[in-house]
Amino acid sequence: MKSSMLKPQFHLDLWLCFTIQNWLLDIGRPIVTILQPLEWLPLNRPSPGDCLHMAYNIITSFLLLKLIERSPKTLPRSAVYLCIITFVMGASIHLVADSITRRLLLSGYQLHLSVRENPMFKNVKPASLIDSFELLYYFDENLGHSMWYFPLFLIIFIYFTGCFTHIKEEERLPLPAWLLLSPSAICYWYQITEGQIFILFVFTFFAMTATVIHQKRKGLVPDSNGLFLFYSFTIGLGLVTLWVACLWSDQVLRKKYPGVIYIPEPWAFYTLHIHNKLQGTQSSLTCDTGPVCH
């Protein structure tokens with residue numbers, strides 16, 4: 001009886017590791033790929049960004065297993081193994097496809113355009129080769145992301161369903177949780193936008209909200225871990241709304257992302273509005289300082 005009344009502890013070690021590895025290995029991965037000098041490694045070898053992706057696949061799988069271990073709810077081992085295997089499979093598919101896509105960027109590929117609209121594929125011979133690049137895009141953006149994020153959010157949701165307590169005093173966040181809240185929410189914003197998983201994320205968020213309402217009828221409230229997850233999801237969804245509002249009138253991105261759900265990818269925004277401007281600035285500097293400018 002005494003043990004059941006103990007206050008649930010905030011899993012600072014796990015959430016800190018999740019946040020740091022998401023920032024370094026997921027958000028930071030494409031930045032490292034762009035900033036890495038081409039002389040460091042040949043393009044036919046894994047880049048530092050690829051190594052970060054490999055580390056992400058391994059470390060995240062380990063952290064998800066630790067998260068399940070900390071959950072008060074026990075799951076069948078076969079279900080846990082299936083989720084982790086699917087996650088690793090999807091993240092590995094994305095690793096290979098994304099690695100090739102990043103190399104195409106160095107050759108002029110533009111993420112804000114579809115495969116067939118990209119200038120570098122206009123005169124590709126044979127023309128059927130474009131189908132192979134569209135297959136690459138499908139593995140990267142559709143199949144890879146689906147197999148990556150579905151088991152990830154399933155495990156997070158199942159863990160969340162066990163984060164409830166009768167102790168009313170636990171319905172508040174400790175200081176370390178407040179400090180981690182914004183960095184964690186930004187990670188979710190990045191996963192929603194870059195991973196194009198808005199429907200999956202919203203479905204998970206609604207399921208979490210329904211769980212909170214259902215448990216409150218039983219006199220249960222989210223503990224500090226549950227509140228941290230719920231607040232992170234809420235702020236992440238707010239950041240996505242702000243992101244879409246800022247880019248609402250961008251006609252080029254709207255053409256790339258047609259339909260009712262319009263969620264532009266951050267790296268598509270980069271190639272459209274930042275990368276091209278940087279290239280234009282570098283070209284003008286070359287013209288100003290070089291002996292000849294055609």
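Just so we're clear, the structure is a prediction, and the values are computed from it rather than from any experiment.
Note that CG of Leu67 is 12.0 Å distant from CZ of Phe62, once rounded to the nearest 0.5 Å. Atom-to-atom distance recorded for Ile199:CD1 and Ile192:CD1 is 12.0 Å, nearest 0.5 angstrom. The CG atom of Asn118 sits 5.0 Å away from atom OH of Tyr109, with the distance rounded to the nearest 0.5 Å. Distance CG/Leu239 to CH2/Trp189: 8.0 Å, rounded to 0.5 Å. Residue Asp131 holds its CG atom at 5.0 Å from CZ of Arg116, rounded to the nearest 0.5 Å. Here Cys83 contributes atom SG and Leu65 contributes atom CG; the two are 10.5 Å apart, rounded to the nearest 0.5 Å.
Residue pairs meeting the salt bridge (charged side-chain N to carboxylate O under 4.0 Å, His left out) criterion with at least one member in residues 142-160: none, sequence neighbours excluded. For residues 191-205, the set of pairs meeting the side chain to side chain donor-acceptor pair (under 3.5 Å) definition, not counting sequence neighbours, is empty. Here salt bridge (charged side-chain N to carboxylate O under 4.0 Å, His left out) pairs that include residues 238-249, with residues two or more places apart or in two chains, number zero. For residues 245-274, the set of pairs meeting the salt bridge (charged side-chain N to carboxylate O under 4.0 Å, His left out) definition, not counting sequence neighbours, comprises Glu117-Lys255.
Within 6.0 Å of OH in Tyr257 there are more than 12 heavy atoms belonging to other residues, nucleotides or ligands.
In this structure, Trp178 and Leu173 approach most closely via the heavy-atom pair NE1-O, 3.2 Å. Taking both residues in full, the closest heavy atoms of Ser232 and Ala185 are given as O-CB, 3.7 Å, listed atom of the first, atom of the second, then distance. Of all non-hydrogen atoms in Pro30 and Tyr190, the two that sit nearest each other are CG-OH, 3.6 Å. Between Thr161 and Gln215, the shortest heavy-atom distance links the atoms O-NE2, 4.1 Å. Heavy-atom minimum distance, Trp148 versus Asp26: CH2-OD1, 4.1 Å. Shortest non-hydrogen contact noted between Lys218 and His166 is O-CE1, 4.2 Å.
In this structure, a donor-acceptor pair under 3.5 Å is present between the side chains of Ser99 and Asp50.
Looking at Tyr149 and Phe201, their side chains never come closer than 4.5 Å, going by heavy atoms from C-beta outward. For the pair Phe233 and Ile156, the minimum side-chain heavy-atom distance is below 4.5 Å. Residues Leu229 and Tyr188 meet the side-chain proximity criterion, which asks for heavy atoms closer than 4.5 Å. Side chains of Thr234 and Phe205 form a contact here, defined as non-hydrogen atoms less than 4.5 Å apart. Within the 4.5 Å cutoff, the side chain of Ser184 has no heavy atoms near those of the Tyr231 side chain. No side-chain heavy atom of Leu272 sits under 4.5 Å from any side-chain heavy atom of Gln110. Side-chain contact between Pro119 and Leu113 is present, with at least one heavy-atom pair separated by less than 4.5 Å.
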Trace of the side chain to side chain contact (heavy atoms under 4.5 Å, CB included) decision for Ile274 with Trp267 = CA-CA 10 Å; Ile274 300 176; Trp267 288 106; over 6 Å; no

Quick one: do Leu95 and Tyr56 satisfy side chain to side chain contact (heavy atoms under 4.5 Å, CB included)? Show the steps, please.
-> CA-CA 10 Å; Leu95 161 64; Tyr56 173 89; over 6 Å; no

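Under the 4.5 Å side-chain contact rule for hydrophobic residues, Val96 and Leu135 do not share a cluster. Residue Tyr137 is grouped with residue Leu253 when hydrophobic side chains (ILVMFWY) are merged at heavy-atom distances under 4.5 angstrom, including chains of intermediate members. In the hydrophobic cluster analysis, where Ile, Leu, Val, Met, Phe, Trp and Tyr join through side-chain heavy atoms closer than 4.5 angstrom, Val221 is grouped apart from Ile213. Using a 4.5 Å cut-off between side-chain heavy atoms of Ile, Leu, Val, Met, Phe, Trp and Tyr, with links allowed through other members, Phe153 and Ile93 fall into different hydrophobic clusters. Tyr81 and Ile59 fall into different hydrophobic clusters, where Ile, Leu, Val, Met, Phe, Trp and Tyr residues are linked whenever their side-chain heavy atoms come under 4.5 Å apart, directly or through other members.
In the hydrophobic clustering, Leu179 connects to Leu175, either directly or through intervening members, whenever side-chain heavy atoms lie under 4.5 Å apart.
Take Ala97 and apply the side chain to side chain contact (heavy atoms under 4.5 Å, CB included) test, not counting sequence neighbours, and it matches Leu136, Phe139, Asp140. For Asn57, the side chain to side chain donor-acceptor pair (under 3.5 Å) partners two or more places apart in sequence, or in a different chain, are His53. Looking at residues two or more places apart in sequence or on another chain, you find a side chain to side chain contact (heavy atoms under 4.5 Å, CB included) between Ile68 and Leu75, Val80, Ile155. Contacts of Trp23 classified as side chain to side chain contact (heavy atoms under 4.5 Å, CB included), with partners at least two apart in sequence or in another chain: Thr19, Ile27, Pro183, Ile186, Cys187. In this structure, the side chain to side chain contact (heavy atoms under 4.5 Å, CB included) partners of Pro126, at least two apart in sequence or on a different chain, are Ser128.
Asn22 places a side-chain N or O within donor-acceptor distance of the main-chain N or O of Phe18, the cut-off being under 3.5 Å. Side-chain atoms of His145 come within 3.5 Å of backbone atoms of Gly195 as a donor-acceptor pair (strictly under, hydrogens ignored). Side chain of Thr241 to main chain of Leu237: a donor-acceptor pair is present (N/O by atom type, distance under 3.5 Å, no hydrogens or angles).
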Just list the side-chain donor-acceptor pairs under 3.5 Å for residues 84-91, sequence neighbours left out, or say none.
unit_1: Thr86; atom_1: OG1; unit_2: Leu82; atom_2: O; d: 2.7

Atom pairs and distances, side-chain donor-acceptor, residues 10-17, under 3.5 Å, sequence neighbours left out:
unit_1: His11; atom_1: ND1; unit_2: Tyr159; atom_2: OH; d: 2.9
unit_1: Asp13; atom_1: OD1; unit_2: Arg70; atom_2: NH1; d: 3.3
unit_1: Asp13; atom_1: OD2; unit_2: Arg70; atom_2: NH2; d: 2.7
unit_1: Trp15; atom_1: NE1; unit_2: Asn225; atom_2: OD1; d: 3.0

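Ring geometry for Trp243 against Phe269 counts as perpendicular: the plane angle is over 60°, on a 0 to 90° scale with 30° as the lower cut.
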